[in-house]
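One structure is given here, and the rest of the page talks about it.
Here is the naming used below: chain letters follow the sequence lines, and residue numbers restart at 1 for every chain.
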Amino acid sequence: MSDATTTEATGTPEAEAGDAAAGAEQPAAPADEQREAMLATLTAALGDRVVGSHVVPGRELWVRVAREAWVEAAETAKLKLGCTFFDFLSAIDWMPSPWGRYEYSALDLEDGIPRPDPTAEIATGYAGGDTRFQVFSRLLNVRQQHSVMLKADLPDDDLRVASLVPLYGGANWHERECWEMFGITFDGHPSLRHLYLPGAFEGHPLRKDFPLLARLVKPWPGIVDVEPMPQTDDEAEGDTPDGNGNGAENEGDA
Amino acid sequence: MTVTERQQRAYVDAQAADMRVAVELETDEGMTLNLGPQHPATHGTLRVIARLDGEQVVWADISPGYMHRGYEKLCEVRTYPQVTTLVNRIDWLGSFANEVPFILASEQLMGIEAPPRARYIRTILFEMARVANIVLFLGDLGVQLGAVTPAFYAFRDREHVLDQIESVTGGRFHPNFDRIGGLKDDLPKGWIADTKAVMQRMRMFCDEIEDLLFGNEIFEARTRGVGVIPADVALSYGLSGANARGSGIDWDLRRDTDVGLAHNEVDWRVWTHPDGDSFARCWVRLQETREATKIIDQLCDGLPGGPIMAKVPRIIKVPEGEAYVATENPLGEMGYYIISKGDIGPFRVKIRSASFSNVSVLPWLLRGVYVPDIITILASLYFILGDIDR
C-alpha cells in the first residue's frame, strides 16, 4: 500500500526502465516563440559567436557562446532581454569520473546496471560543447519570467574567462566558488580567493578526477560500518539465555 | 605518499593557515571586529570580519564555509532517490521544501507527472515547511533585538506545525518524504482537521508577534531605515524570496512559474514592501506566513482523491538531459540544475540555494552601518548556514 515505487508485478525492471526512458525522449515539441525570439536577439547581437543553442519548449533556453563573447552575451541578456536578475554561475567538468560512482554494490550489479566507462569519450549536454570544462550561468528577467542559460567552453590549457562582476555584483561569490572548485580563473574579478575551502587547500574538489575521500576510505555501501548484532552472536554461540545481557558486552555505540 | 595522505596533510596545513589569519585582527587603520564563526547572531558558523572606524563599519567581509559539506560532489556519487536525504539538510528548518525542486527536476527529465493528490499534499507540506521555518525567524528576530519573549512563543507554536509534519512523514526535521512520481505515503486519518486547527493557531501567533514586535517602538527604531537594499542591487546580487519582495520586487516563483505544485489553484496574494529596509523584509515574512496558512487551509479543503504515486520504474534512471527547476522556498529561490547522462545518479547537480546569494550582498550592505545594526541586518536577511554552505 505504502510503497508504490515497487511495481514489480507489471514486468521486469529492465524493460520498464527502458520504456520510461524511451517515452520521455520524444516530446511533441511545440514551437516556443518567446524563447526563439530571445535566441534571435542574442544571435543578432553576437553573430557567429553564438555557437550552439537548445530550447526546451516552455522551460528553458540554453545558449552556448564563444569564450570571448561571455561578458558580451551576459550584457546583451541584461540590456536587451531585461535579464537583470543574476541567478547563479558555475561550471561543469564533462570528463567521465575515473573513480566510477564508488557505490556499485553487488546488489546494483545484479540489476544489470552497467558501470560507466571512465575511458569513454567526453559527451556534453544541451547546446553542445567541445571541451572538458564549461562555465554556465543563468540570468533571469523577473518581470516577464524569461531566463537564459549561458554556456561557454573553456580550453583545457587555458582555464580562464572574463568576470561578470562588473555586470552583476552577485557574480562575485559564485565566481570565487567556481574558481576554487574547478580551478577556473575569472579575469577582472576583484578578489579571487577561497570562499568555502581553507586557504591552503590543494586541488579542485568538483573536478571529476578529484577523489571523494570519504568513499575511498570507506567503500560503499558502508558494510564496514555494520557491527554484528547481539542476536547474531547469540545464534552463533547458542548458549546465552537472554539477549539483553549479551548486549552489555558490546563496546557500545554511544 | 598516497592521495589520501596528501589531502590530509594539506587540510592540516590549511587549518593552521586559517588560525594565523584569525589572530591578525589589529590593523593600523582603526579596529577590526571579528564576529563569529561562533556567534549567536550568525545562526551557526558564519564569520563576519568588519573593519571599523569608531562605531561605523568601513569595510566588511563574510567568510562562510565552516559548514561546507560538499553536497554537489556527494550528489554525483548517489542515486536519485538517495539525493533527497542529502538535500534535506540544506535548509534544515524547512527541510521538505528542499526536496521538492529536486524531485520536480528529476520528474521533468523523466517525463513523469505526480498525480493530483500527491501534488496537493506536496504543496501542503511545502507550505508547512515555510510556516515552521518563518515562525522561528519571527521569534529569533526578537532575540537579536533584545526581546526574549517572542522566541518562546515561536518555539511553542512551531511545535504544533512540526507535530503535523511528523505525523505524516515520521520526521520532525528531515522528512525525506518526497519521491520521484509522488509521495511515500498518504495522509493519516484526521490529519486535515488537526492541520486546520494548527493553521488557525499559527494565524493567532502571527497576530501575537505583530502586536509584540511590529508595533514596538524599539523594534521600529532598530529596523526602519536600516540596511536598505535598492531593487537594482537586490536583482544584481540575486536576492530572492522575502529579501527581494522587501525591496519592492514583485516576484514570487509560486505565482510566476508553474513547476507542478498546486499554488496556482488557490487564492492568495504576494506581499511586497517598497522600503527595502530590515523592517520591510521582516514584515513581508510575517505576511508570507499568514498567506501560507491560507494556502494550506484551501488546499486541505480541495484535496482531491486518487493515488499518491505515479507509475515509476523500480530502478530510477533519468534520461539524458538537463533541467533547472526552482521553487520559492522559505528562504528564497531554491533550485537544482540537474545534468543527467542517463545513469541511476546525476552527472552533476548545481544547487542554487537562496541564502548563498542573499548573504553575498552583505559586504556591500554592511558598508557604513553601525556595529549594533550588523546584528539586525544579519537577522533580517535571514539565512540558514546549511543553505549558504551546502
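The number of heavy-atom neighbours closer than 6.0 Å to CD of Glu113(B), taken from other residues, nucleotides and ligands shown, is 12 or below. The local environment of CZ in Arg143(A) is sparse, with at most 12 non-hydrogen atoms from other residues, nucleotides or ligands closer than 6.0 Å.
Arg348(B) places a side-chain N or O within donor-acceptor distance of the main-chain N or O of Ala91(A), the cut-off being under 3.5 Å. Checking side-chain atoms of Arg352(B) against main-chain N and O of Asp87(A) turns up a donor-acceptor pair under 3.5 Å. Looking at Lys73(B), its side chain does come within 3.5 Å of a backbone N or O of Phe210(A) through a donor-acceptor pair.
Comparing Leu253(B), Asp232(B), Leu239(B), Val233(B) by how many heavy-atom pairs each has under 4.5 Å with chain A, the most go to Leu239(B).
The side-chain heavy atoms of Phe85(A) and Ser240(B), taken from C-beta on, include a pair separated by under 4.5 Å.
His54(A) does not touch chain B: none of its heavy atoms, backbone or side chain, sits under 4.5 Å away. Looking at Val325(B), there are no atoms closer than 4.5 Å to chain A (heavy atoms on both sides), in backbone or side chain. Interface residue Ile249(B): only side-chain heavy atoms are found under 4.5 Å from chain A. If you measure heavy-atom distances from Asp61(B) to chain A, the contacts under 4.5 Å come from the side chain alone. Only the backbone of Arg207(A) comes within contact range of chain B, with heavy atoms under 4.5 Å apart. Neither the backbone nor the side chain of Leu164(A) comes within contact range of chain B; no heavy atom of the residue lies under 4.5 Å from a heavy atom of that chain. Only the side chain of Thr257(B) has a heavy atom closer than 4.5 Å to any heavy atom of chain A. Contact of Leu140(A) with chain B is made through the side chain alone, with heavy-atom distances under 4.5 Å. Contacts of Asp186(B) with chain A are absent, with no heavy-atom separation under 4.5 Å from either backbone or side chain.
The distance from the CH2 atom of Trp94(A) to the CZ atom of Phe347(B) is 6.5 Å, given to the nearest 0.5 Å. Taking OG of Ser360(B) as the reference point, atom CD of Glu177(A) lies at 11.0 Å (rounded to 0.5 Å). Glu76(B) contributes atom CD, which lies 8.5 Å from atom CG of Asp93(A) (distance to the nearest 0.5 angstrom). Between atom CG of residue Asn172(A) and atom CH2 of residue Trp364(B) there is a gap of 14.0 Å, rounded to the nearest 0.5 Å. One distance of note links NZ of Lys350(B) with CZ of Arg138(A); it measures 12.5 Å at 0.5 Å rounding.
Among Phe356(B), Tyr336(B), Tyr324(B), the one residue that satisfies the ring pair (Phe, Tyr, Trp, His ring centres under 6.0 Å) test with Phe88(A) is Tyr324(B).
When every heavy atom of Gly169(A) is checked against every heavy atom of Ser236(B), the shortest pair comes out as N-OG, 3.3 Å. Minimum interatomic distance between Arg59(A) and Val259(B) (heavy atoms only, all atoms of both residues): NH1-CA, 4.4 Å.
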